[in-house]
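Each chain gets a letter, A, B and so on, in the order its sequence line appears, and its residues count up from 1.
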Number of protein chains: 4
Amino acid sequence: MKFSFKNDYSEGCHPNILQALLQYNLDQQAGYGDDEYSLKAKELIKARINKKDSDVYFVSGGTQANLIVISSILKPYQCAISASTGHILNNETGAIEATGHKILSIETEDGKLRPSDIIPVLENHKNVPHQVMPKLVYISNSTELGTIYKAKELEELSEFCKQNRLYLFMDGARLGHGLTSEISDLTLERVAELTDVFYLGGTKNGALIGEAIVINNPDLQEDFGFNIKQKGALLAKGRLLGIQFLELMKNDLYFDLAKHANQQAMKIKNALQNKGVNFLADTYTNQIFPIVTNKLIEVLSESFEFYVWKKIDEEFSAIRLITSWNTSDDAVNRFIEIIRKEL
Amino acid sequence: MKFSFKNDYSEGCHPNILQALLQYNLDQQAGYGDDEYSLKAKELIKARINKKDSDVYFVSGGTQANLIVISSILKPYQCAISASTGHILNNETGAIEATGHKILSIETEDGKLRPSDIIPVLENHKNVPHQVMPKLVYISNSTELGTIYKAKELEELSEFCKQNRLYLFMDGARLGHGLTSEISDLTLERVAELTDVFYLGGTKNGALIGEAIVINNPDLQEDFGFNIKQKGALLAKGRLLGIQFLELMKNDLYFDLAKHANQQAMKIKNALQNKGVNFLADTYTNQIFPIVTNKLIEVLSESFEFYVWKKIDEEFSAIRLITSWNTSDDAVNRFIEIIRKEL
Amino acid sequence: MKFSFKNDYSEGCHPNILQALLQYNLDQQAGYGDDEYSLKAKELIKARINKKDSDVYFVSGGTQANLIVISSILKPYQCAISASTGHILNNETGAIEATGHKILSIETEDGKLRPSDIIPVLENHKNVPHQVMPKLVYISNSTELGTIYKAKELEELSEFCKQNRLYLFMDGARLGHGLTSEISDLTLERVAELTDVFYLGGTKNGALIGEAIVINNPDLQEDFGFNIKQKGALLAKGRLLGIQFLELMKNDLYFDLAKHANQQAMKIKNALQNKGVNFLADTYTNQIFPIVTNKLIEVLSESFEFYVWKKIDEEFSAIRLITSWNTSDDAVNRFIEIIRKEL
Amino acid sequence: MKFSFKNDYSEGCHPNILQALLQYNLDQQAGYGDDEYSLKAKELIKARINKKDSDVYFVSGGTQANLIVISSILKPYQCAISASTGHILNNETGAIEATGHKILSIETEDGKLRPSDIIPVLENHKNVPHQVMPKLVYISNSTELGTIYKAKELEELSEFCKQNRLYLFMDGARLGHGLTSEISDLTLERVAELTDVFYLGGTKNGALIGEAIVINNPDLQEDFGFNIKQKGALLAKGRLLGIQFLELMKNDLYFDLAKHANQQAMKIKNALQNKGVNFLADTYTNQIFPIVTNKLIEVLSESFEFYVWKKIDEEFSAIRLITSWNTSDDAVNRFIEIIRKEL
């Protein structure tokens, strides 16, 4: 059986979660998220971000979180702005457009948006009422390319959005990885201060399912629960989501898991760099994109699964390796061993 | 702690499911429903309905199943027909309309639709193109009132739909309960033969989450998976759904659980009937609606939770009692004891 | 050639309109409603309702007006309330639902809504977040049954809506007829004071096309023009709408035309009443519903076109007669002559 | 009063149309497009394209035509493909996305799509079911840049679409101009053979309002009328559209008007070329984009209105000049005179 570096959702969940599901299994609880585990988990998150007035909602997955948040915020004639690599643009089967809203795509090198990227889009959308009105900036941290926002970058973007009456929404499917990157100087508290809405992704960081949507802007909080239900995202047994986030938030397990994933990726990255390997993007999270020879790819493929991401030339291709909360030292070491032997 | 008869999703899941989740937890699997558990569970369901050409998809919950199925079938100008008690009409926050489709409501006594209910609706929708075109008949079995379709009733409805070019979709949130009712003569195989689409509900019958959508009509199968993803219902860790249905379908556990729930309800029903109590509806599944005195309600409320469903007069009200796969003999006996003592 | 009493849009438009279209035809004007005729017509309407802060927009027809107004006001989880006879419920091919919003239907005798009709609907929609939130009350004046709102009725409804945070929207496809009815004590100024949004219908009152949407509630005015364009309702040659309303508003031509239509209907009504004929509804506008014998229907059908509305018994049926701004004395007299002769 | 070259919808309509509106004004006709003028106009169009099995529908404007056609064809998970200059992408306030469908944008030099432009998009959309499915190719003729499709180009594109199961839809807001261009070798009959749907634009070619949607593919014809009504595009007095197209189709007036507009533009183009002026695009229809000095722009602006389209450098800018069915020789000559004098 080959070990897979294809993604960070190949395994089940952290054992603590299963333990808690077992422990509480036969307790009768209120449905639809009013169970005591969900209520406690929400309190833990609000305490952790130090914003008792934020609202927290749990949903199953990232596409669901994105479509519910965006469609709840925008008026029919308003649209979202995203980097061209954004998950909502490429990997959600038009889920946002299916709720009636256009997404304006901005080409960027590193998957991140800066005010200077957005300014021309605003300039080009002033032909009222013949064009959609840009109203929400969608970013991811870490991004789909594994890059991250530094505190100063997010501060500038947040300030820019406020000045231009744009909402800032952070897709945090890999927020744990973004914040625990060795080069990150951003904190969860700061994310909560600087965004209107963000979510903490569980699915890619040790949960079975689950993203925690956090609404910081009071204007966007009113009646939000209706949207969850209408889009089919309100679980009758909300306890399933509550118990998971309860466990993940205890003692910052969430961040420990993400940090582990990052560290395993960095070990491989360092091993590759030591051999002079170049990378498609300069990442410090759990996604790395080394450019290696087709021959090495062949050898690695005998023991590991991963995506060949992009052909560079006749001899070289970039591959994508993703580590997870459960990537073992053993798998990492075996991978490094092959590199050391082959390069 | 009071025992709750409020609904059938107060507890977690059947222990076999948690056991399987533990057992397979760290196996690496393909994402998005291509894991081996999901594939096996789909095969089990297709074998059980004896239709190898049906397609099976797992989603998290009932509202999600309803909105995905209905929006995938109807063209923009087509609408659904439902009994006025239908879940899609009353308890889904306009989820169907949010996908662009009207639901025509038909008043019925018992929550069931018959051809004679539908004929006048078709007659009244012939002012082309000024009215929506009725195209899909939505039914539930068991219904929201706990009633069920007998084989002959479903056959007549199915035949009527075919003759009138209407699709027949059965909401099976409580299909296990409907089919294992002591008065049911309908089988799962027959449901698959007589409907275009139906789903097997897991959430209300021992799963943590999960409904298995079964598409029997080949015309409705093409590209269906896109709809699942677009509506945010495709779980990255599809294993969570696959493992649950794998366990539920083994040795018909699914039907044993439903039968248990029904039997516990019937015990209470019989005890009440023996005391001359009347019921709001004549049900043989896990939902009963006895009409009792306000005084008895007060006494029962000291030990049990349940909904007071409908005021009948100054002295009497109907209450709703729902039993589940996990309702214990102890709880049932305690309830019956109070009845015997008080009446 | 039979004369038609089938509807009030069988003819073209009032000659003044064609005259103005000819006169201004070759003047170059700004597009998309910024032409000088549209601007003047908007000023005339605002002066006429004595509300200089209202916003006025012209669109082509009633369904378009309804869908744009309602979809611009409601959030995704909110719904409209309408009498069961409402045009949006029965004759718009699900246009409102196609924008994502449910309409709750209320059975009424006379096509009108009163607070007492709405209260139970509000009471039955408190299961947050499992049900849509009622937010907009849709009424028509005159209604689809030809009945009208008296000033006191509209005042009470308006007050009720304010108290319950509901928006009040009046479909004025036949507002001219409603306000010039001999029993009306309501004025256009009062309609503007008591509604959040209403429209003045041109199509059924002497225009070729055109409804003037008037937004009185400042909260609903922001960016409204985007909705017009997005729904495909912004005419490049907005002059076509502007010129028509300019002519209709001059010297209250709009109201004179409606009054004429009403008077012609009342002449026929009186002739029928003098012969002891009964009516399906007690109307004082340009729609009447006399209950006559099948034999009389046969005779009348030799010279006139009209709808047989509803079978009453083996001998009698109600017919619907609609008069227009252009219904001639000659046609009315011929109709009355037959009645006098046959009854 | 300055003469405007800003667009081709500044004036009213061709006098024949007003004459016919006057002539038929008081005839009583059936509503909603069943009037005799509409029926005749449809027959004329079908005869003109030599396809008696095509279906014809009249709507008010281009955005309306685009949104109705595209939303009627695509399933929820399917999307349209357009050149980046496409009207649906830039000038319709997200009208297509508001019906739930994404538009994939392809960068092109000249506003036209070729198979080689589309192939990479298809290649990049094979990650089923995580991406939208491209299903409809949207093109304009003439394009938003004034360029046109030659017969061979349209044949190749049509063939490519068939092979790839894509529908081909031509926006013909300026189809008259496209087909009567001096370099065009395409005929209306050929357009009808090569497209699944196209429309003949009236608004920009001598009508007050009106586009004639022609559905050639029988698979797309069923029940199309419902979509017209649902989107608020079905005029009660459909005669307004029917009469206009009746006049435009008589003796090919439609094409004569477009040809006139093209010729007036070509006169100006030639005058500019004779003075050595360059153009932003090489066009042979009623839109030209000469690159002139800021000084010349200033002089021209004293007598004419037009858009400054794009700054080229400190000294030069491209302007856009649009001529219409009604652009007089006098206006053209005055413009040319200034050019001759100033250059």
Side-chain angles (χ1 to χ4, degrees), chain C residues 1-4 6-15 18-19 21-22 24-32 35 59-68 71 91-95 97-99 203-204 207-209 225-237 239-240 243 305 326, chain D residues 1-4 6-15 18-19 21-22 24-32 35 59-68 71 91-95 97-99 203-204 207-209 225-237 239-240 243 305 326:
Chain C
M1 191 79 184
K2 298 182 190 179
F3 185 86
S4 170
K6 284 183 118 171
N7 58 54
D8 34 16
Y9 44 82
S10 295
E11 297 95 0
C13 64
H14 190 272
L18 281 179
Q19 199 48 51
L21 286 173
L22 266 170
Y24 306 133
N25 190 44
L26 297 184
D27 292 359
Q28 287 193 317
Q29 289 286 335
Y32 298 110
D35 60 281
V59 298
S60 300
T63 297
Q64 200 172 71
N66 288 332
L67 79 88
I68 290 172
S71 69
N91 292 286
E92 302 190 354
T93 319
E97 290 89 350
T99 69
T203 308
K204 290 173 176 167
L208 284 167
I209 53 168
F226 284 96
N227 299 295
I228 305 265
K229 174 64 187 169
Q230 189 184 64
K231 302 307 186 212
L234 188 62
L235 299 185
K237 293 180 181 169
R239 62 199 294 153
L240 173 59
I243 287 172
E305 291 187 359
N326 194 46
Chain D
M1 190 82 182
K2 299 180 188 180
F3 185 86
S4 170
K6 284 183 118 171
N7 58 54
D8 33 18
Y9 43 82
S10 295
E11 296 96 359
C13 63
H14 189 272
L18 280 179
Q19 198 50 49
L21 286 173
L22 266 170
Y24 305 133
N25 190 44
L26 298 184
D27 292 359
Q28 287 192 318
Q29 290 285 336
Y32 298 111
D35 60 281
V59 298
S60 299
T63 297
Q64 202 172 69
N66 288 331
L67 78 89
I68 290 172
S71 70
N91 291 288
E92 303 189 354
T93 319
E97 290 88 350
T99 69
T203 309
K204 290 173 176 168
L208 283 167
I209 53 169
F226 285 95
N227 299 295
I228 304 265
K229 175 62 188 172
Q230 189 184 64
K231 303 305 187 214
L234 188 62
L235 298 186
K237 293 181 181 168
R239 63 199 293 152
L240 174 59
I243 288 171
E305 290 188 359
N326 194 45

Heavy-atom pairs under 4.5 Å with chain C, option from D:S4, D:A98, D:C13, D:G12 with the top count
D:G12
Does any backbone or side-chain atom of C:L67 lie under 4.5 Å from a heavy atom of chain D? Answer side chain, backbone, both or neither.
side chain
Residue among D:L22, D:T99, D:N66, D:N227 with most heavy-atom pairs under 4.5 Å to chain C
D:L22
What part of D:Y32 is in contact with chain C, defined as an atom under 4.5 angstrom from a non-hydrogen atom: side chain, backbone, both or neither?
side chain
Side chain / backbone / both / neither for D:L18 at chain C, heavy atoms under 4.5 Å:
side chain
Pair count under 4.5 Å, heavy atoms only, with chain C: among D:G61, D:A233, D:G94, highest is D:G94
Candidate pair C:I209 and D:I209, rule side-chain contact (heavy atoms from CB on, under 4.5 Å), full reasoning
CA-CA 11 Å; C:I209 53 168; D:I209 53 169; 4.0 Å; yes
So does C:T203 get a backbone contact from the side chain of D:K237, meaning a donor-acceptor N/O pair under 3.5 Å?
yes
Region of D:L240 that comes under 4.5 Å of a non-hydrogen atom in chain C:
side chain
Output yes when a side-chain donor or acceptor of D:R239 lies under 3.5 Å from a complementary backbone atom of C:S10, and no otherwise.
yes
Show the nearest heavy-atom pair for residues D:Y9 and C:G31, with the distance to one decimal.
CE1-CA, 4.1 Å
In Å, rounded to the nearest 0.5 Å, how long is the span from CD of C:Q64 to NZ of D:K231?
12.5 Å
Please classify the contact of C:L235 with chain D as side chain, backbone, both or neither, using a heavy-atom distance under 4.5 Å.
side chain
Applying the side chain to side chain donor-acceptor pair (under 3.5 Å) test to C:K229, which of D:T93, D:T63, D:N91 qualifies?
D:T63
Region of D:K2 that comes under 4.5 Å of a non-hydrogen atom in chain C:
backbone
To the nearest 0.5 Å, tell me how far D:L208 CG sits from C:L208 CG.
8.5 Å
How many angstroms lie between CD in D:Q28 and CE in C:M1, if you round to the nearest 0.5 Å?
7.0 Å
Given a strict heavy-atom distance threshold of 4.5 Å, which part of D:A30 is in contact with chain C: side chain, backbone, both, or neither?
neither
Which atoms of C:N326 approach chain D - backbone, side chain, both or neither, heavy atom under 4.5 Å:
side chain
